[in-house]
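Let me begin by presenting the structure, written as C-alpha cells, before commenting on it.
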Amino acid sequence: MHTQNSRISGFHKLSMSERLNKVMEVAGLDRSAEAQLSNTGNLEASVVDSMIENAVGTMNIPLGVATNMIVDGEDVLIPMATEESSVVAAVCNAARQCRDSGGFTTSLSGSLMIAQVQLIDVSNPEFARLQILENKERIREICDQTDPVLLKHGGGYRDLEVRVLEGGRNGPMVITHLIVDTRDAMGANAVNSMAEAVAPLIAEWTGGKTYLRILSNLADRRLARARATWSLDAIGGKSVREGILSAFDFADIDPYRAATHNKGVMNGVSSVVLATGNDTRAVEAGAHAYAARSGQYRSLTRWEVDQDGNLTGMIEMPMAVGLIGGATKSHPTARIALEIMNTTTAEKLARVIAAVGLAQNFSALKALATTGIQKGHMALHAKNIAVMAGAKGPEIDTVARELVEGGKVRVDIAEEILLRMRAKGVSS
Ligand code: MEV
C-alpha cells in the first residue's frame, strides 16, 4: 500500500504546477490525474492560485439555468451550480406550476449585518453594558471611518445592541452587536474590521477584556422572503395539496424531518449562492440557525390554503449575499451568472434566491406526497449511473433510458447494457 507523508515544507511557496507535481508524487497519482487537475477549465490558473492557499487545480460543478421563474412580475433566468441531478428541474417545474398565478412575490427586511464583540472579565456586566451603549455615537464614528467606501454607497453603522450572557466559565459575558448596513456587499470584511476597530475602546471603557470580534452568520436583519400561490388545477388537485400540507406539518413538528425538508430548500438556495460566487456556508449557517430560533429546529417554509382552496407557500430566511468582494467579483462565471439573472443589486439577488428555495421545497414536497422522490430522481440519476458504468457520448442517453425502462438504476446493470450495446455496435 502507498504510504503518504503529509508534511511538505514550503508547499505554499511553490507554483501551482510544482505543487501539483508534489501531490502527484506523494499521493502516487498517474499522468491522467495530472491532466485532469492541471485543466482549470474556465478559471484562469492565476486566479485559482490567488483565491486560496495551496491551490493545485479546480473542481468543476455543472452550471444549469432554471427557466419559468417569475419574480415580482418579471421573468428571471436562474443560474444554478449543483452536482445534484434533480435540483434544476425541480425549480423549473415549481415555477411553471405557479406562473399562471403570478409567480413569486418577494421582499427583503434590510441589508443589515451584525458584528459581535465579546467582552469578558467584567465584575459588573450590567454597568458595562450601559457604558458601551452610552458611546453609541463614538462607535458610529469609528465604524464609519473604518469603511468610508461603504459610507459613500449609502451604507455604514446603523445601531448598537449590548447583551449580557450568563454561563461563561469566568462569569457573564457582555456581547456588543454592531449593526451595519452593508448594502451590495455581503459585508463580512467590512463588519469584521469594524468589530476589530471598536474592541479596544470597549475594553478601555469597561475595564474588561475583549476576545472574539467577528460577524454573526445569523443574519436575522437581512431576511429574504418569498411567497407564491399554486392553483389546485396546476398542482393536480386537492389530494396533492393535502399531501404537501401534511408534509409541511411533519417538518414543522419533527426536527428529523425538518433537517431533510430544509436540505431540500438549500438545494435551490445554495446552488444560486454558489453560481454567483457567494459564500454557501454563510447562508447555510444562517438558514439553519434561523430555523432553530424558537428553540426547536423547524421548517424554513410554511404552507397554507387560501380562501379559494389554492395552495400558498412562503419562505423567510437570512440571506447574506452580495455583489462585491470575494469570488462574486474575481470569478468570471459568477459575474456572468449575475448577468444571466439580470441582477445588479444584492437585494434582488437575495429575493430571487428566497424564491428559488421556496420553488425547490414545493417540488420536493409534491414529489414526496405523490409518486415519491425516487421516480424523478432516478430518471435523472440514470445518466450519472451510465457515466459511472463507462458510457460515453450518445451511449449515455441510451443506457440511461434502458435503465429507467427496466426500473433498476444500478451501475452493474448499466455495465451489462453497455456491454450488450457495444457487442451489437449500437451507440444510440
Ligand atoms: C434531496 O436532495 C432533497 C429532498 O430530500 C428534500 C425533502 O425531502 O424535502 C427530496
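As the structure lists them, so they are numbered: ligands from 1, and atoms in each ligand from 1.
Contacts with ligand 1 closer than 4.0 Å are made by no heavy atom of V87, backbone or side chain.
Ion pairing of E161 with R129 is absent here, as no side-chain N (NZ or NE/NH1/NH2) approaches a carboxylate O to less than 4.0 Å. Remark: R420 does not engage E416 in a salt bridge, criterion side-chain N to carboxylate O under 4.0 Å.
Here the side chains of V356 and M80 are in contact, with some heavy-atom distance below 4.5 Å.
For atom 10 (C) of ligand 1, the closest heavy atom belonging to the protein is I373 CD1, 3.7 Å. Considering only non-hydrogen protein atoms, atom 3 (C) of ligand 1 sits nearest to N267 ND2, 3.5 Å. The nearest protein atom to atom 5 (O) of ligand 1, hydrogens excluded, is given as T260 CG2, 3.5 Å; this is a heavy-atom distance.
Annotation: D100, atom CG; neighbour count of heavy atoms from other residues, nucleotides and ligands within 6.0 Å does not exceed 12. Environment of CG in N60: crowded, with over 12 heavy atoms of neighbouring residues, nucleotides or ligands closer than 6.0 Å.
In the vicinity of H261, heavy-atom distances shorter than 4.0 Å reach the ligand 1 atoms 9 (O). Those atoms of ligand 1 that come under 4.0 Å of a heavy atom in G264, given as number and element, are 3 (C), 6 (C). Residue L368 approaches ligand 1 through these ligand atoms, each under 4.0 Å from one of its heavy atoms: 7 (C), 8 (O), 9 (O).
In this pair, W230 and F104 present their aromatic rings perpendicular. The plane angle is above 60°, beyond the 30 to 60° band.
Heavy-atom proximity to atom 7 (C) of ligand 1, evaluated over K263, E84, R257, Q360, is greatest for R257.
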